[in-house]
Amino acid sequence: MNKGLKNFVKTLYTGSGETSVKFRYALIIFDVISIGFFLVTASLPSTPLIVGISRLFGVIICADFASRLWIAEDRLALLRKPFMVADLIVILSLLANPFIAIDLRFLRILRGLRLVQSYHLLGDLRRQSRFFRANEDTIIAANNLFIFVFFCSSAVFELFFKDESNPLSYVDALYFTVATLTTTGFGDVTLTTTGGKLMSVLIMVIGVALFVQLVRALFKPAKVKHRCPSCGLLRHDADAVHCKHCGIAIAIETTGDP
């Protein structure tokens, strides 16, 4: 019974059948909904309704996390994956909230690292979406930058703006983050404390790198990921039939759409 259940769960997470693919897309829909909820409620006071919905999300995230760990061949290697670390941080923020004074809701936006980071989901998208195949690097870079911007905005709001009476202080935090990341530095919203200055440095160093990565992905020639069985070249033109490096015939996975 236990082995049969494990095989069923493993098939859902790693299988190539229609049910498995639909299950993984359902998980992504849940991820988008949970991220949207965490973004919207990051600047709102904790009410029983918000706490209740957060705990419901927490139960589902815990079940997903435990399931992935249960079926993994190498659990330690899986735990080192960025999206698993992010999920663990989100779970801890949900569990720790009643026991510590500081509100850790801003940490839950790290849930966004789950989007398009799962190996099997990437495979599904490459097979079924021509748009994703042609713009994979851009989509992933934009996702990473989006999560970084809103994570930093929520952290800045929680640590430096939350006590202000201005109801739009979260917008100020977002404005400060974008201005700092782009090194625009208008100076009308600043962090003058030591912690604020260190936060500004962190936003500039990491944010600029993520922004440059997105720009590079936008303007470089579109390639798809497919490892050549002969020379190992990973990037090829979307319509390539031969490897440009060694000339061997390659079979890039496609749905056959024109």
Side-chain angles (χ1 to χ4, degrees), residues 31-58 61 82-115 117 140-215:
D31 291 341
V32 171
I33 293 173
S34 64
I35 293 163
F37 175 78
F38 294 148
L39 277 174
V40 170
T41 59
S43 59
L44 300 178
S46 292
T47 64
L49 178 61
I50 290 176
V51 171
I53 296 175
S54 297
R55 288 178 178 169
L56 176 60
F57 280 135
I61 293 170
F83 61 83
M84 291 295 285
V85 174
D87 273 358
L88 185 59
I89 292 173
V90 171
I91 291 169
L92 291 176
S93 75
L94 288 163
L95 296 177
N97 214 36
F99 306 105
I100 60 175
I102 188 170
D103 193 338
L104 297 176
R105 280 185 292 174
F106 69 93
L107 291 175
R108 299 171 195 174
I109 297 171
L110 287 175
R111 176 78 179 156
L113 292 177
R114 163 71 62 189
L115 293 177
Q117 295 293 335
I140 293 176
N143 176 72
N144 292 340
L145 181 61
F146 174 84
I147 296 306
F148 178 79
V149 166
F150 279 95
F151 170 75
C152 288
S153 299
S154 299
V156 168
F157 167 78
E158 181 64 36
L159 298 174
F160 303 103
F161 287 89
K162 193 171 184 179
D163 293 334
E164 296 184 8
S165 57
N166 180 8
L168 297 178
S169 54
Y170 187 86
V171 177
D172 290 336
L174 176 62
Y175 172 79
F176 166 81
T177 300
V178 174
T180 303
L181 183 151
T182 57
T183 66
T184 304
F186 292 114
D188 50 341
V189 179
T190 59
L191 302 181
T192 57
T193 64
T194 301
K197 292 175 181 177
L198 290 174
M199 174 65 91
S200 301
V201 171
L202 181 68
I203 292 172
M204 282 186 282
V205 170
I206 300 178
V208 168
L210 291 174
F211 182 72
V212 170
Q213 184 181 28
L214 175 59
V215 172

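Atom set for the values below is all heavy atoms of this structure, side chains included, hydrogens, waters and symmetry mates excluded.
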Margin query: If I take atom CG from residue Leu210 and atom CD1 from residue Ile147, how far apart are they, to the nearest 0.5 angstrom?
Written below: 11.0 Å

Margin query: Distance alone, cut at 3.5 Å: any donor-acceptor contact between the side chains of Tyr175 and Ser153?
Written below: no

Notebook entry, point to check: Mind checking whether Phe150 and Thr177 have side chains closer than 4.5 Å, heavy atoms only?
Noted result: no

Next item on the list: For the pair Ile50 and Phe37, evaluate side chain to side chain contact (heavy atoms under 4.5 Å, CB included) and give the outcome as yes or no after the intermediate values.
Entry: CA-CA 9 Å; Ile50 290 176; Phe37 175 78; 4.1 Å; yes

Next item on the list: Answer yes or no: is there a side-chain heavy-atom contact under 4.5 Å between Thr184 and Val178?
Entry: no

Next item on the list: Over all heavy atoms of both residues, which pair between Phe176 and Val156 is shortest? Give the atoms and the distance, please.
Entry: CD2-CG1, 4.1 Å

Notebook entry, point to check: Roughly how far apart are Asn143 CG and Ile35 CD1, rounded to 0.5 Å?
Noted result: 7.5 Å

Listed pairs under 3.5 Å, donor-acceptor, residues 194-209 side chains, sequence neighbours left out:
unit_1	atom_1	unit_2	atom_2	d
Ser200	OG	Gly196	O	2.9

Check: Parallel under 30°, tilted from 30 to 60°, perpendicular over 60°: which one fits the rings of Phe57 and Phe38?
Finding: perpendicular

Item checked: Ala141 versus Leu214, closest heavy-atom pair with distance -> CB-CA, 3.8 Å

Notebook entry, point to check: Quick one: SG on Cys152 to CG on Leu159, what's the gap to the nearest 0.5 Å?
Noted result: 10.5 Å

Checklist line | Pairing residues for Phe211 by the ring pair (Phe, Tyr, Trp, His ring centres under 6.0 Å) criterion, not counting sequence neighbours | finding: none

Margin query: Is the shortest side-chain heavy-atom distance between Leu145 and Leu181 below 4.5 Å?
Written below: yes

